[in-house]
Amino acid sequence: MAGLYKVVDSYDQALAGLNDNMTIMVGGFGLCGIPEGLINQMVKLGTKGLTAISNNAGVDDFGLGLLLQNKQISTMIASYVGENATFERQMLSGELNVILTPQGTLAEKIRAGGAGIPAFFTATGYGTPVAEGKETREIKGRHYVLEESLTADFALIRAWKADTMGNLVFRKTAANFNPMMATAGKITVVEVEEIVEPGELDPDHIHTPGIYVDRIIKGNFEKRIEQRTVKQA
């Protein structure tokens, strides 16, 4: 890539430099706002020994569930195991190292990592297994747990729109873990629905500035629904 132009033409280019035993952040919540094509490319590459940071692991046959099926993930840092039988089975058998983290704490660990904050105190988890082995402190009569921030070799995220300089707009629920992960990766790769020219995005509506983004690729999304619920006729 040259200068401020961040667009790449292939998934091979998008994930260039991704190797075994790296740490990746993957945006999304359930199946909403996940970088489907980037995940599929990791499956094709067969990259193994990955530490994956994500709210959850999708479902068995879609999203991060595909990497779990291929046993490409060795450690999962997440807040939710449900909806994925493979995730649950590998965790209970000890085949997969799982670091369960309260959802708000996980979000703050990522945000802090992107902001250059090495650790912070939170009351969440004090007196539970979450606090085992961690420093605790009483501040103004309340007990807190010291949580270290999180960063990654690659942050793989999904946005609605981007311009060629990497400025991003997220849409509705997809603005979950994606914006904060964009700031916490050494290399941030964004899969988007639409790419426009600089100046076409309203500056007041940009959620993530292009300074955090290294590569952009236009994706084609299945947008599968995790649990389809319909009203009785």
Side-chain angles (χ1 to χ4, degrees), residues 21-35 49-60 63-65 67-68 72-158 170 173-186 188 207-208 212 226-227:
N21 305 313
M22 281 188 167
T23 297
I24 60 170
M25 287 182 178
V26 183
F29 189 95
L31 298 182
C32 179
I34 66 172
L50 296 171
T51 294
I53 302 167
S54 184
N55 179 67
N56 59 294
V59 294
D60 290 273
L64 285 179
L67 294 178
L68 289 173
Q72 292 174 249
I73 297 175
S74 61
T75 299
M76 191 82 199
I77 301 174
S79 65
Y80 182 59
V81 180
E83 316 302 335
N84 192 315
T86 302
F87 189 179
E88 180 181 5
R89 183 174 60 254
Q90 291 183 1
M91 182 183 76
L92 294 176
S93 69
E95 185 178 357
L96 177 68
N97 181 31
V98 178
I99 303 173
L100 288 176
T101 307
Q103 195 169 82
T105 301
L106 179 63
E108 181 62 12
K109 284 164 75 79
I110 296 167
R111 191 206 67 81
I117 300 169
F120 58 91
F121 281 104
T122 176
T124 304
Y126 178 82
T128 75
V130 169
E132 291 178 1
K134 298 176 182 176
E135 180 183 341
T136 61
R137 186 177 299 181
E138 183 177 344
I139 303 174
K140 295 182 179 179
R142 192 174 185 186
H143 295 280
Y144 295 87
V145 180
L146 184 68
E147 293 282 359
E148 295 185 0
S149 62
L150 291 170
T151 56
D153 298 297
F154 274 77
L156 309 178
I157 67 170
R158 155 101 166 266
F170 302 96
T173 312
N176 40 58
F177 284 87
N178 284 302
M180 62 193 73
M181 286 185 175
T183 70
K186 294 178 183 176
T188 294
H207 298 121
T208 297
Y212 292 110
E226 189 170 357
Q227 289 192 12

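Predicted model, so just to flag it, every value in this text is computed and none were measured.
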As a quick check of understanding, evaluate side chain to side chain contact (heavy atoms under 4.5 Å, CB included) for V130 and T124, giving each step before the final call. CA-CA 9 Å; V130 169; T124 304; over 6 Å; no

Walk me through it: do T122 and E108 pass the test side chain to side chain contact (heavy atoms under 4.5 Å, CB included)?
CA-CA 10 Å; T122 176; E108 181 62 12; over 6 Å; no

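Here the closest non-hydrogen pair linking G127 and A131 is N-CB, 4.3 Å. The minimum heavy-atom distance linking G113 with A184 is given by the pair C-CB, 4.4 Å. Heavy-atom minimum distance, P35 versus R158: N-CB, 4.0 Å. Across all non-hydrogen atoms, the minimal contact from V145 to K134 is CG1-CD, 3.8 Å. Closest approach of R111 to I117, counting heavy atoms only: NH2-CD1, 3.8 Å. Closest non-hydrogen pair, T173 versus C32, comes out as CB-SG, 3.7 Å.
Separation of atoms NE2 (H207) and CZ (F170) is listed at 8.0 Å; rounding is to 0.5 Å. Rounding to the nearest 0.5 Å places CD1 of I53 at 4.0 Å from CE of M25. Rounding to the nearest 0.5 Å gives a distance of 11.5 Å between CE of M22 and OG1 of T51. Taking CG of L96 as the reference point, atom OG1 of T86 lies at 10.5 Å (rounded to 0.5 Å). Atom OG1 of T136 is separated from atom CG of L146 by 9.5 Å, given to the nearest 0.5 angstrom. L156 contributes atom CG, which lies 10.0 Å from atom OG of S54 (distance to the nearest 0.5 angstrom).
The number of heavy atoms from other shown groups lying within 6.0 Å of NZ (K186) does not exceed 12. Heavy atoms from other residues, nucleotides or ligands lying under 6.0 Å from CD of E95 number more than 12. Within 6.0 Å of OH on Y212 lie no more than 12 heavy atoms contributed by other residues, nucleotides or ligands.
N56 places no side-chain N or O within 3.5 Å of a backbone atom of Y80 that could act as its donor or acceptor partner. Between the D153 side chain and the I24 main chain, no donor and acceptor come within less than 3.5 Å of each other. Put simply, the side chain of S149 never gets that close to the backbone of K109: no donor and acceptor are under 3.5 Å apart. For the pair T101 (side chain) and L106 (backbone), a donor-acceptor distance under 3.5 Å is absent. Side chain of T188 to main chain of A182: a donor-acceptor pair is present (N/O by atom type, distance under 3.5 Å, no hydrogens or angles). Not a single donor-acceptor pair under 3.5 Å links the side chain of N178 to the backbone N or O of A175. A donor-acceptor contact shorter than 3.5 Å links the side chain of N84 to the backbone of A57. A donor-acceptor contact shorter than 3.5 Å is absent between the side chain of E147 and the backbone of T105.
Between F177 and F29, the ring planes lie parallel to each other; the angle is under 30°, not in the 30° to 60° tilted range.
At least one side-chain heavy atom of V26 sits less than 4.5 Å from a side-chain heavy atom of L64. Counting only heavy atoms from C-beta outward, the side chains of V98 and F87 approach each other to under 4.5 Å.
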